[in-house]
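Each ligand, and each atom within it, is numbered from 1 in the order the structure gives.
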Amino acid sequence: MTPPRVCALAGGVGAAKMLRGVVQVVEPSSVTAIVNTGDDVTLHGLHVSPDLDTITYTLANAVNPDTGWGLMGETWNAMAALDRYGAALQQNLTWFRLGDQDLATHLYRTQRLRDGLTLGEVTGEITRAWGLQLHLLPVTDDPLETRVTVAGEGEIGFQEYFVGRQHNVTVESVRFAGADASRPAPGVLDAIAEADIVVICPSNPIVSIGPPLAVPGVRDAFAARRASSVAISPIVAGLALKGPADRMLRELGHDASVVGVARLYRDLAATLVIDEADRDLAGAVQDAGMRCVVAPTVMRTPQDAAALARVALAAANSSL
Ligand code: FO1
C-alpha cells in the first residue's frame, strides 16, 4: 500500500522535532513540509532562513541540541573576528550568532539566489546535500518579513525582537510585510491539496504559523483540507515550551491556552492534540469547535516525537 502523503505546516524548533517523529512513522519521501520564511533575515549581506535551516539540521541529526538552531560542535571564529571591526564601529555586529559551519549554508544560499535560483530550488539543493529525503518547501519564494511593533520602540524586525531583545518586550502588533504581493512557492498548493494527512506542527501560532497563512491562497488551501488535518498545540499548561508564544498570544488578545489555540486553528484543522497536562480543557477545546485528542506532546527524544506523530496521524485518519 502506498505510504500516506503527509503535508506539514512548519515553523522552527517545535516543528523540526515533530517532523523528526513523522519521518520515523511514514516514508520520509512522502512528507512535504511547508516552512515559514517570515523569520528570514539578511545579515552581513547573507540570506539567513532560520526555520528552513533548523528543520534541515534537525532532520540531518546535525542541529545543536542545546539551542535547537545552528550546528552541533560549532566554532565561532568568524564572529570573533567580526567583533574587531564592531569595536572600531562601536557597534555589536555579532548579536545574531552565525557559527563557522553555519556560515557555509548562508554563503551557499546567498550565492545560489544570486545565480538566479528561487529559494525553493536552493532549499532543494541544501536538503539533498544533507541527505534529507523529506521535501522542504518555503511557503513562498517572494519576500515575506515578519515585523513586530513593540511597546515604547515602534516597529522592528522579527530577529531584532526575538534575538536582539530576547523577546523580553511587549508586542503591540505583528505584520507580515510583502505577504499581499507574495505567491505560494511552486508545489505548495499541490502538496496541501494532494496530501492524505495535513499536520499543523507545534510552532508559534502568531509568528510561525501566521506568516505562511498570510500568503494569498494558502489559508484557503489548508481550510479546504480541514477534515484531514490535525494540529498539535504548542501551548502546554498555558506555557510555550520554547520561545514567546504564550506571551504573544496574551499580548495580542488571545487566550494563552489550548482553547486559545483551538480558536485560532478551528477553521484549519478538525482535530487538536493537547498535552495530558491540559486534559481538563478537552471539553472547552471541543466547545471551541475542534475534536480534541489528549496525549503526551512534550518531545524530549526522537521516540517521544515518533509516538506523538503516531497519535497525530491516527487522529487525522479517524476524522476522515
Ligand atoms: N536565536 C537566538 O536566540 N540567538 C542567536 O544568536 C541565533 C542565531 C541564529 C543563527 C542561525 C539560525 O538559523 C537561527 C538562529 N537563531 C538564534 C534562532 C532564530 O532566532 C530563529 O528564528 C528562532 O529559533 C525562531 O524560529
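Applying the salt bridge (charged side-chain N to carboxylate O under 4.0 Å, His left out) test to residues at least two apart or on different chains, none of the pairs has a partner in residues 17-27.
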Run through all N or O atoms in ligand 1 and write down each protein N or O closer than 3.5 Å, as a pair with its distance.
unit_1, atom_1, unit_2, atom_2, d
ligand 1, 1 (N), W69, NE1, 3.4
ligand 1, 6 (O), R97, N, 2.9
ligand 1, 20 (O), Q159, OE1, 2.8
ligand 1, 22 (O), D39, OD2, 3.1
ligand 1, 22 (O), Q159, NE2, 2.9
ligand 1, 26 (O), D39, OD2, 2.9
ligand 1, 26 (O), D51, OD1, 3.1

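Scanning for side chain to side chain donor-acceptor pair (under 3.5 Å) contacts around T42 gives an empty result, with sequence neighbours left out. With sequence neighbours left out, the side-chain contact (heavy atoms from CB on, under 4.5 Å) criterion links D141 to T118, L119, P138, A185, P186.
Looking only at distances, a side-chain donor or acceptor of T58 sits under 3.5 Å from a matching main-chain atom of T54.
Between the side chains of Y161 and T146, no donor-acceptor pair of N or O atoms lies under 3.5 Å.
Taking the ring centroids of W69 and Y57, they lie at or beyond the 6.0 Å cut-off.
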